[in-house]
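A short worksheet on the structure shown next.
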Amino acid sequence: MAHRFISSRSVPSGGRLNARFAFICTISLSFTYVCYSVIFFCSSTIMTKQGTSDEKGCPLPPPGQNGPIEGKVSGKLNGCTLLTPDVRFARREEARVPGSGQPRDRSKHAASCCGNLSRSVPATEYTLNNLTVSQKYGNKKLPNALIVGVKKGGTRAVLEFIRIHPDVRALGTEPHFFDRHYDRGLDWYRGLMPRTLDSQITLEKTPSYFVTGEAPRRIASMSPETKLIVVVRNPVTRAISDYTQTLSKKPDIPTFEELAFKNRSLGAVDTSWNAIRIGMYILHLDTWLQYFRLSQIHFVSGERLITDPAGEMGRVQDFLGLKRIITDKHFYFNRTKGFPCLKKPESSSQPRCLGKSKGRLHVQIDQEVIEQLREFYRPFNIKFYETVGHDFSHWIQAINRYAIKLRRLTPEKRGYTGANPLRWNSEQVLPMNSNLLSREPY
């Protein structure tokens, strides 16, 4: 009897064991829930504070500026209190170094959250390294400036170099609107353009415009104040470069000499061949001057773009009314290609050089043929020098005496009516390296 009593007290029944097990499980689950709730609450509080701080105030102004950056985003002034998700996304992207996911020095990009996106603001405030605020919040506008020529002169290099300026947004492809697709209308053309802020310049490049008879009138109809950039090069070298490119695509074409001359023995040049005709710059320029002032046209030396890219791009920036941001520090000379390349950008592990088709060695042309073409182009070049007020005498050594005389003339005596003429004195005319300049232009 006593034994049964002790056994019943020391060994719980099955029902009691189940009850104790359920109780312990309940306590454990409750404790776990409380812990997770506390952790979630703390993290939510931190995130809320970060989001609030992002939305409430503009960051401190960049060094050298006093007071907060004035701005208007989502209808609020100076507060940036109602930033849209896209703005917050842009700010987060800006705070990271592209490709690494690592935070960027925010002091260099402090003004990106707010600021009136329609006002004139240094574009460096908005630069997100090839993904700018203008891509999200700007407008598509007709171009303010065009690179209109010439083919095989170095137009691609000018476009790629000027695109690194934060106040320039350029179309990467050639739209050929004013020579091939004009019937599609300006709305179609505008739709091709990148988004830009009011403080930025919209730019496009189509080298064939320079030799298209209808292009000047059509561009002037779009905007008579459009700025035009023309990259010119020794017309003989340009013609050989043009032929080299065609030969790479059509290996069975006739020789350069056969295409360039109607009668080689008489020295009769075939001006109907496009490669020859493009280099008769003054004939094409006369058409442009019927619609644009000479001061609206800037001429870039294709040769000096190789030997002094920073100097040439500095003058391009001046012409476009931009601050000189593109300088020597952006370039290095690539000996393999034979021309300058852009130094490694922040978003890439490699320097930026143009494509494999650039830097191609030219086909070998008989020196007598070259001399005949130089003599052919001589009167066209002289008239071109007189008209534009620029000295490109390094093109042809046969007219050096004329070039020296031209340097001594004032712009007025040359017939130049534009403002701020570019005058190169004899010390500025650099000797050209024939090995470098006998390559496919970039």
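Throughout, residue positions are numbered sequentially from 1 according to the sequence presented. What you see below is based on every heavy atom in this structure, not just the backbone, and it leaves out hydrogens, waters and symmetry mates.
- Contacts of Asp183 classified as side chain to side chain contact (heavy atoms under 4.5 Å, CB included), with partners at least two apart in sequence or in another chain: none.
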Quick one: do Phe299 and Tyr385 satisfy ring pair (Phe, Tyr, Trp, His ring centres under 6.0 Å)? Show the steps, please.
-> CA-CA 11 Å; Phe299 297 91; Tyr385 299 163; over 10 Å; no
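- Note: Phe177 and Tyr182 meet the aromatic proximity criterion, with ring centroids under 6.0 Å apart.
- Tyr291 pairs by the ring pair (Phe, Tyr, Trp, His ring centres under 6.0 Å) definition with nothing, not counting sequence neighbours.
- Sorted by first and then second residue, the pairs that involve residues 279-297 and meet salt bridge (Lys or Arg N to Asp or Glu O under 4.0 Å), not counting sequence neighbours, are Glu225-Arg293.
- Stacking of Lys343 on the aromatic ring of Phe331 is not recorded, the 6.0 Å distance cut-off and the 45° axial limit not both being met.
- Partners of Leu142 according to the side chain to side chain contact (heavy atoms under 4.5 Å, CB included) rule, which considers only residues two or more places apart in sequence or in another chain, are Leu186, Tyr189, Arg190, Met222.
- Checked for salt-bridge contact, Arg217 and Glu214 miss the test: no charged N lies under 4.0 Å from a carboxylate O.
- Every side chain to side chain donor-acceptor pair (under 3.5 Å) that Gln367 has, sequence neighbours left out, goes to Glu371.
- Contact annotation: the side chain of Pro235 never approaches that of Met280 to less than 4.5 Å [non-hydrogen atoms, C-beta and beyond].
- Under the 3.5 Å distance criterion, the side-chain polar atoms of Arg238 are left unmatched by any main-chain donor or acceptor of Ile276.
- For the side chain to side chain contact (heavy atoms under 4.5 Å, CB included) test, residues two or more places apart in sequence or in another chain that qualify with Pro254 are Glu258, Leu259.
- Applying the ring pair (Phe, Tyr, Trp, His ring centres under 6.0 Å) criterion to His284, with sequence neighbours excluded, gives Phe210.
- Taking Tyr209 as the reference, Phe178 meet the ring pair (Phe, Tyr, Trp, His ring centres under 6.0 Å) condition, with sequence neighbours excluded.
- Each salt bridge (Lys or Arg N to Asp or Glu O under 4.0 Å) pair with one or both residues in residues 139-148, not counting sequence neighbours, would appear here, but there are none.
- Residue pairs satisfying the salt bridge (Lys or Arg N to Asp or Glu O under 4.0 Å) criterion with at least one member in residues 316-329, sequence neighbours excluded, are listed as follows: Asp318-Arg324.
- Annotation: side chain of Thr206 is not in contact with side chain of Val148 (no heavy-atom distance under 4.5 Å).
- For Lys151, the side chain to side chain donor-acceptor pair (under 3.5 Å) partners at least two apart in sequence or on another chain are Asp242.
- Remark: Phe261 pairs with Arg264, Val269, Val369, Gln372, Leu373 by the side chain to side chain contact (heavy atoms under 4.5 Å, CB included) rule, at least two apart or across chains.
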